[in-house]
Number of protein chains: 2
Amino acid sequence: MLQDKEVITLAVVDDHPMILEGVQRVFQPEQGVTVAGTFTNGNDFLGFLQQQQVQVALLDITLPDMSGVELCRKVKQLCPDTCVLAFTNHQERAVVMQMLQNGAGGYLLKNMGPEEFLQCVREAIQGQITFSAEVKQIMARPTPQDLKSIPPLTRREKQVLQLVAEGKTNPQMAEELSVSILTVETHRKNLMQKLEVKNAAALVKAALECRLL
Amino acid sequence: MLQDKEVITLAVVDDHPMILEGVQRVFQPEQGVTVAGTFTNGNDFLGFLQQQQVQVALLDITLPDMSGVELCRKVKQLCPDTCVLAFTNHQERAVVMQMLQNGAGGYLLKNMGPEEFLQCVREAIQGQITFSAEVKQIMARPTPQDLKSIPPLTRREKQVLQLVAEGKTNPQMAEELSVSILTVETHRKNLMQKLEVKNAAALVKAALECRLL
DNA sequence: CCAAAACTACCATGAATATGGTAGAAAAAA
DNA sequence: TTTTTTCTACCATATTCATGGTAGTTTTGG
């Protein structure tokens, strides 16, 4: 869709100025890439996009005003032709999946070298889904953890879970939530069932692992 | 101890090549700073130091072969005159303290801008303890969490803690550790006492917060 | 070698938890 | 407006846990 000979225009969004500097140093016109803009937050970049398009957008996941995933979706809405690449430290398979679901054209980890970086961007321009070497590994072997999705909890269940983690007993929770002890017991039971554990200690551990707390 | 007019020699250790590029772009001879070397791991840098000294060393905390704290100590042993600055994303007060205890001359967060960065390095050269703006904040208002130190656990206690978090019951643990149930109960009791909690759920949460699991 | 930790074990008792159900009312989704 | 969740409540029972102790035996560090 794009000619190889054209100069590629690229933008970077990252809350670490030093990364922005680094990207500008790596992508020089000699390599056929121009850095059209660098931004430390998502909204600045979205503003920029309304005036000027870029062919490649490099997005960090952790940004001050919104997540990179969210930003990715908004960018693709605004400019469907822009190739969005994650450029981040997050190694979680789930995050990679989220980016892809929101239209990202690839996922790069910051610990890769400049050569690989250039190579990936060139691949991405040609319309290929692009992963840096380590990401390929991550995608290739999903852990059992990755495969079991986090069960949806009801509002009450989340409250009870929170209180359980704080060490509250059933009578205390019943008091605090103004319900009967028996009700609290039911929620607790359902929580343990959903997270497939057999007692409160394991429940708290599982919940923390799923970032439910 | 060092003249202002001299060109400052600086080295960077960071596992993200892009950060190394960025630092090289920011510190130009025009600013009176030469980047004498960049490294992606601690050992490479230590090797380099035996041949050539630098006035400032920027160290990330997360490195492939050793922690930045450890590296800091080794650098100061080898070259006491080198000013070691942390240059990292870690915002934990405890990490800052550890770096200082190991001889660091300052602590900088990667989210600061190039100007502040230059300013800090210049300050550091003059022998001042240097913090980037955000770090000053962090040091100024320690949370209650920061103040209570993690209680030392015995070997057995750690084992029991681990098993409790896995959801094991006292009889199961007794079995697994080949001790009496009564003994397990005692360890559990001591654990809860040390972490100042009143039941297993809160114990697991506290342990995870203190990174004991 | 001696002292201090750490590990082990014991016990009694009351409180809390886990587990199997059932089931009506309320709220949210279709 | 149905239908489906969610929230609520109840019950019995077996386990498990928490808490207060005491105290002998190993390790470990000085």
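Numbers restart at 1 for each chain; the letters A, B, ... are given by sequence-line order, proteins then strands.
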To the nearest angstrom, how far is [X] atom [atom1] from [N] atom [atom2]?
X	N	atom1	atom2	result
A/N190	C/dG20	CG	P	12 Å
A/L163	C/dT17	CG	P	12 Å
A/L191	C/dT17	CG	P	13 Å
B/E157	C/dA5	CD	P	14 Å
A/R156	C/dA27	CZ	C1'	13 Å
A/L182	C/dA16	CG	P	14 Å
A/I181	D/dA12	CD1	P	15 Å

Practice item. Sugar-phosphate atoms are those with a prime plus P, OP1 and OP2; base atoms are the rest. Using that split, label each nucleotide of nucleotides 25-30 of chain D B, S or - for protein heavy atoms under 4.0 Å, 5' to 3'. Key: ---S--
Considering residues at least two apart in sequence or located in another chain, which fulfil the side-chain contact (heavy atoms from CB on, under 4.5 Å) criterion with [X]?
X	value
A/T143	A/Q145, A/D146
A/P152	none
A/T34	A/V7
A/R156	A/T154, A/Q159, A/L177, A/V179, A/H187

Check your understanding: Can you list the residues that meet the side chain to side chain donor-acceptor pair (under 3.5 Å) rule with B/N190, with sequence neighbours excluded?
Key -> none
Point to revise | Short side-chain N/O contact from A/S180 to OP1 or OP2 of D/dT8, under 4.0 Å | key: no
Check your understanding: Which residue pairs pass the side-chain hydrogen bond (donor to acceptor under 3.5 Å, both in side chains) test when at least one of the two sits in residues 83-93 of chain A, sequence neighbours left out?
Key -> A/D60-A/T88, A/T62-A/H90, A/N89-B/H16, A/H90-A/E92
Side chains of residues 196-208 of chain A: which donor-acceptor partners sit under 3.5 Å, not counting sequence neighbours?
{"residue": "A/N199", "atom": "OD1", "partner": "A/A201", "partner atom": "N", "Å": "3.2"}
{"residue": "A/N199", "atom": "OD1", "partner": "A/A202", "partner atom": "N", "Å": "3.1"}
{"residue": "A/N199", "atom": "ND2", "partner": "B/G167", "partner atom": "O", "Å": "2.7"}

**Study point:** Test of ring centre spacing under 6.0 Å for A/F87 and A/Y107
**Key:**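 No, too far apart.
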Point to revise | Carboxylate-amine/guanidinium contact B/E157 B/R188, below 4.0 Å | key: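 Salt bridge between B/E157 and B/R188, a charged N being under 4.0 Å from a carboxylate O: no.
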Extract from the structure each pairing of a protein N or O with an N or O of nucleotides 17-21 of chain D at less than 3.5 Å, listing the distance.
{"residue": "D/dC17", "atom": "OP1", "partner": "B/R188", "partner atom": "NH2", "Å": "3.2"}
{"residue": "D/dC17", "atom": "OP2", "partner": "B/N170", "partner atom": "N", "Å": "2.9"}
{"residue": "D/dC17", "atom": "OP2", "partner": "B/N170", "partner atom": "ND2", "Å": "3.4"}
{"residue": "D/dA18", "atom": "OP1", "partner": "B/A200", "partner atom": "N", "Å": "2.9"}
{"residue": "D/dA18", "atom": "OP2", "partner": "B/R188", "partner atom": "NH1", "Å": "2.8"}
{"residue": "D/dT19", "atom": "OP1", "partner": "B/K198", "partner atom": "NZ", "Å": "3.1"}
{"residue": "D/dG20", "atom": "O6", "partner": "B/K189", "partner atom": "NZ", "Å": "3.0"}
{"residue": "D/dG21", "atom": "O6", "partner": "B/K189", "partner atom": "NZ", "Å": "3.2"}

